[in-house]
Amino acid sequence: MEQFKELLPEGVNLLAVSKGHSEKSVELLANYGQFDFGESRLQEALPKIKALSHLTKLRWHFVGRLQANKVRGVVKVFDFIHSVDSLVLAERVSRIAAEENRSPRVFLQIKLREDPTKTGFSAEELLEVWPKLISLSNIEIIGLMTIAPFRLDLYTRHKLFVDCRDFANRLYLRECSMGMSGDWEAAVKAGSTWIRIGSFLFGQRAK
Ligand SMILES: *Cc1c(COP(=O)(O)O)cnc(C)c1O
């Protein structure tokens, strides 16, 4: 893990996606100085976060699809949300964060290529609602997040990641959450600032 971090250029953050893995595995990586962890299901994350609350340096990132009825639970315990994919959801996060006296850092999930299995703003949608998004309180929009469609080869993925980086730059957003175990190098070359790595760090998930 330490060697892996040394491979990453300055400014690229490693998010260890611990879904499907135990709190023991998280603790092990924390002992090596890894403090950012990602989870995609609230029910699975809550007991883990609680069990590890003695590790005060940990920062939790929600990376899964965020359902409306899970927003309060997520806002209460997660520091970052990578998967805000609509204006309605952003407004809800903002309102509930204000009620809970929280201010999560948010990535807007965008979908720049057709993919029926993923959600996300199209470029046009995002531009249209952008003024409303940036006026919301209690959420700090720090970047864009994207997931490459499963079928794309690495070359096409790289092009998609470059498009995501360009779009973030156009909106003056610093962060890009892109790249997973299978395509992180292409994402880093394109200017990712957060790579989300699960199986490459933890091994295969049980499910
Ligand atoms: C599971 C997951 C990852 C990590 O996937 P790996 O291929 O195991 O690295 C990254 N991002 C999201 C949104 C995920 O759900």
Side-chain angles (χ1 to χ4, degrees), residues 1 3-5 7-8 12-26 28-30 32 34-46 48-49 58-67 70-71 73-75 77-86 89-90 93 104-113 115-121 141-154 156-158 160-161 164-165 168 175-207:
M1 214 270 315
Q3 290 98 316
F4 182 50
K5 272 187 143 172
L7 283 177
L8 298 177
V12 181
N13 300 283
L14 174 60
L15 175 58
V17 179
S18 49
K19 67 169 185 230
H21 296 281
S22 67
E23 50 252 25
K24 265 263 152 293
S25 312
V26 172
L28 211 84
L29 287 196
Y32 283 101
Q34 173 65 30
F35 301 122
D36 287 291
F37 289 91
E39 288 284 335
S40 58
R41 283 180 296 262
L42 181 64
Q43 298 93 310
E44 182 192 333
L46 283 177
K48 235 183 257 183
I49 294 173
L58 296 192
R59 300 194 298 180
W60 292 97
H61 298 240
F62 191 81
V63 299
R65 190 170 291 187
L66 180 51
Q67 294 164 285
K70 300 286 163 54
V71 167
V74 165
V75 159
V77 297
F78 284 87
D79 307 292
F80 295 76
I81 305 173
H82 289 239
S83 45
V84 172
D85 59 7
S86 71
L89 183 61
V93 171
R105 280 174 252 183
V106 160
F107 295 84
L108 302 171
Q109 185 170 351
I110 60 167
K111 187 163 86 163
L112 297 174
R113 301 289 189 278
D115 185 353
T117 68
K118 297 288 178 313
T119 64
F121 291 94
I141 298 171
I142 60 168
L144 300 180
M145 181 275 230
T146 202
I147 305 173
F150 184 65
R151 62 190 154 74
L152 293 191
D153 60 46
L154 275 177
T156 319
R157 275 166 200 259
H158 177 255
L160 162 64
F161 293 145
C164 184
R165 178 71 264 175
E175 310 293 340
C176 275
S177 167
M178 50 189 198
M180 302 170 40
S181 292
D183 59 14
W184 64 270
E185 285 170 292
V188 166
K189 279 199 194 107
S192 176
T193 61
W194 284 93
I195 55 171
R196 309 181 308 270
I197 307 294
S199 41
F200 192 65
L201 278 177
F202 291 102
Q204 287 303 326
R205 288 178 284 278
K207 44 205 143 104

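No hydrogens, no waters, no symmetry mates; every other heavy atom, side chains included, goes into these values. Counting starts at 1 for both ligands and their atoms, in listed order.
Taking the charged nitrogens against the carboxylate oxygens, Lys19 and Glu44 have no contact shorter than 4.0 Å, which rules out a salt bridge.
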What side-chain donor-acceptor pairs closer than 3.5 Å can you find for residues 186-194, not counting sequence neighbours?
residue: Ser192; atom: OG; partner: Cys176; partner atom: O; Å: 3.3
residue: Ser192; atom: OG; partner: Met178; partner atom: O; Å: 2.7
residue: Ser192; atom: OG; partner: Trp194; partner atom: N; Å: 3.4
residue: Ser192; atom: OG; partner: Trp194; partner atom: O; Å: 3.1
residue: Thr193; atom: OG1; partner: Glu175; partner atom: OE1; Å: 2.6
residue: Thr193; atom: OG1; partner: Cys176; partner atom: N; Å: 2.9
residue: Thr193; atom: OG1; partner: Cys176; partner atom: O; Å: 3.4
residue: Trp194; atom: NE1; partner: Glu175; partner atom: OE1; Å: 3.3

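For residues 176-185, the salt bridge (charged side-chain N to carboxylate O under 4.0 Å, His left out) pairs, not counting sequence neighbours, are Arg157-Asp183.
Taking the six-membered ring for Trp and the full ring otherwise, the centers of Phe35 and Trp60 sit at least 6.0 Å from each other.
No donor-acceptor contact under 3.5 angstrom links the side chains of Thr146 and Gln109, judged on distance only.
By the side-chain contact (heavy atoms from CB on, under 4.5 Å) test, Gln34 pairs with Met1, Lys5, Leu14, Ala16, Leu29, Asp36, Phe37, sequence neighbours left out.
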When you pair each N or O of ligand 1 with protein N or O atoms, which pairs come out under 3.5 Å?
residue: ligand 1; atom: 8 (O); partner: Ser199; partner atom: N; Å: 2.8
residue: ligand 1; atom: 8 (O); partner: Ser199; partner atom: OG; Å: 2.9
residue: ligand 1; atom: 8 (O); partner: Arg205; partner atom: NH1; Å: 3.0
residue: ligand 1; atom: 9 (O); partner: Ser181; partner atom: N; Å: 3.0
residue: ligand 1; atom: 9 (O); partner: Ser181; partner atom: OG; Å: 2.5
residue: ligand 1; atom: 9 (O); partner: Gly198; partner atom: N; Å: 2.7
residue: ligand 1; atom: 11 (N); partner: Arg196; partner atom: NE; Å: 2.9
residue: ligand 1; atom: 15 (O); partner: Lys19; partner atom: NZ; Å: 2.6

